[in-house]
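Shown next, in structure tokens, is the structure this report addresses.
Here is how names work: the chains are called A, B, and so on, in the same order as the sequence lines, proteins then strands, and each is numbered from 1.
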2 protein chains.
Amino acid sequence: MKKKSTARPGEPSLPLLRPLSTVDVAIFTVRADRLHVLLVQRNDEPGEPCPGQWALAGGFVDVDKDENLEACALRKLREKTGVTSPYLEQLGCWGGKSRDPRGWSVTHVYFALIPTDAATKPVSGANTTGAKWEPISKHGVKEALAFDHEQILTAAITRLRNKVEYTSLPAFLLPREFTLSELQHSYEIVLGRKLEKSAFRTRVLSTELVTPVPRFKEGPNRPAQLYRLKSANSPVFFQRTFKPAEG
Amino acid sequence: MKKKSTARPGEPSLPLLRPLSTVDVAIFTVRADRLHVLLVQRNDEPGEPCPGQWALAGGFVDVDKDENLEACALRKLREKTGVTSPYLEQLGCWGGKSRDPRGWSVTHVYFALIPTDAATKPVSGANTTGAKWEPISKHGVKEALAFDHEQILTAAITRLRNKVEYTSLPAFLLPREFTLSELQHSYEIVLGRKLEKSAFRTRVLSTELVTPVPRFKEGPNRPAQLYRLKSANSPVFFQRTFKPAEG
DNA sequence: AAAATAGTGTCTCTTAGACACTATTCC
DNA sequence: GGAATAGTGTCTAAGAGACACTATTTT
């Protein structure tokens, strides 16, 4: 592996051994009124760690292709889903001696929200044999995941649910134009609970979150005003959570 | 996963080149009613990047010594300050081609809050020639910092200030026992603005944040009840920010 | 008593939540 | 008109902010 020895006094000292560096992306979308995450199945070849197990989308940093960590995450997202402009946020990093049998490794984890209409068929890539959208239930996912990805996915879901209480993140799960009812529904799917219509609308409309477009969504009932996000990629923060819990 | 590998088909494929892995820690404390961050001065030896510049405390991950990233951060904190049990939170990671002249590198950044009374003289360590507590003004620090540490420090300060609005973080900047006035003062130092006494006390006492100890702080005036944190290492989250801004 | 800080009470304003009401479309 | 969903108005409760007030110590 890596060397570039240190040891001469007064010379630049670099570590003899470098951890493995990967980037993983927890890619979320909504399908059939459920929150889903993209899983890829690991290669079955002998010598590969966690053969056949499901894992988050990800892989090694490529120091030639990738300008930086975020570009690496975007590349992986693009390779798996074809989506190029998602909501992408860094979740954190997990690194240590024993999370990968191949040695000391660090994964740099992002989470992405992609619109319902973009969540088409995921493609499998190198070192993987398949990919699928897995529904998320109350406490995560049914599959046992490779490496420490279960823990990472739990962290991602927790971050998402927490942030939804005071930000506009669910808007990034919707297509470009949506009604307020659809936005509310998106919140309800992620939060796993109903919200009150009047308060929801007051709150959303009192911010710089959305702006109406001159179109309506037609249906077997009264047409609904369509809106779009005011700024396409940065979320809005509210000053309160949706429902204060007990102190 | 990714290849660029040892190239035998059907064999474990590892990347030929691995990024450099470092851990940096933004260590904050309060001294003389100012928020301070610990800076270390980089070595002046030829070949060292950013010679003589000030930087956040940090250094390479040591795959032999460090069990995981957090242990590495704790080690660096201990080496610089002697503090063993701080408030420690992962801030994020910064990685890319060009942030370090030695090549593609990733730094894994933590921020730590240490109590006023623990913030004694910092020691300098390997590859550094000095260390100091640098006061933080409105927009950061006067020094130009090495690498991308200025950007990282800005992110750390932003995270701290944001989180202070709705968490109990400033409590970790105080000694074990403190009065409510001292706690309020700690908030005011970090936030850079005054808070209203009555609302502050109501808010703090309505949570599980602190518990009184059977002692008072004496002075040339009415003695004040002393409190300590209920749980020593996990912050409390409030349901609202301190001061709602304009929608 | 004066100085100084600790700690409380009261009033107002904002906003979430509950819930009932009205509005507009398709059938 | 009925079904269905869009969208509004009204009332209440909780908590923040402002601010004045009381309390308890030292000097």
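Rounded to whole angstrom, the span from the CG atom of B:L183 across to the C1' atom of C:dG7 amounts to 15 Å. We find that OH of B:Y227 is positioned 9 Å from C1' of C:dG7, with the value rounded to whole Å. For A:H185 and D:dA6, the NE2 to C1' distance is 16 Å, given to the nearest whole Å. Atom CD in B:Q184 sits about 13 Å away from atom P in C:dT5, given to the nearest Å. C:dC19 atom C1' lies 16 Å from atom CG of A:L195, rounded to whole Å. Look at CZ on B:F200: it is 14 Å from C1' on C:dA6, rounded to the nearest Å. Taking atom OH of B:Y166 as the reference point, atom P of D:dG15 lies 20 Å away to the nearest angstrom. A straight line from CG of B:L205 to C1' of D:dA14 spans 17 Å, rounded to a whole angstrom.
Screening B:L191, B:L169, B:D33, B:L173 against B:S186 for a side chain to side chain contact (heavy atoms under 4.5 Å, CB included) leaves a single residue, B:L173.
Toward the 5′ end of DNA chain C lies the nearest nucleotide of B:N221, the other residue of the pair A:P223 and B:N221 mapping further downstream. The residue among B:A224 and A:P220 whose nearest nucleotide of DNA chain C lies closer to the 5′ end is B:A224.
Here the nucleotide nearest the side chain of A:R222, chosen from D:dA18, D:dA6, C:dG7, is D:dA6. Across C:dA18, C:dG7, D:dT25, the shortest atom-to-atom separation from the side chain of B:Q225 is found for C:dG7. Listed nucleotides: D:dT5, C:dA6, D:dT8. Nearest to the side chain of B:K197: C:dA6. For A:E196, the side-chain atoms get nearest to C:dA18 when compared with the rest of C:dA18, D:dT24, C:dA16. Comparing C:dA6, D:dT5, D:dA16 by their closest approach to the side chain of B:R203 singles out D:dA16. Side-chain proximity of B:R201 to the nucleotides C:dT5, D:dG7, C:dG7 is greatest for C:dG7.
Relative to the ring axis of A:W54, A:K132 places its NZ or CZ within 45° and under 6.0 Å from the centre.
No side-chain N or O of A:H108 forms a donor-acceptor pair with one of A:D24 less than 3.5 Å apart. Defined by atom type and a distance below 3.5 Å, a donor-acceptor pair is present between the side-chain atoms of A:Y87 and A:E89.
No contact: A:E218 has no heavy atom under 4.0 Å from any strand.
For C:dG7, the base has no donor-acceptor partner in the side chain of B:S181 [N/O atoms by modelled type, under 3.5 angstrom].
Under the 4.0 Å criterion applied to side-chain N and carboxylate O atoms, A:E79 and A:R75 are assigned as salt-bridge partners.
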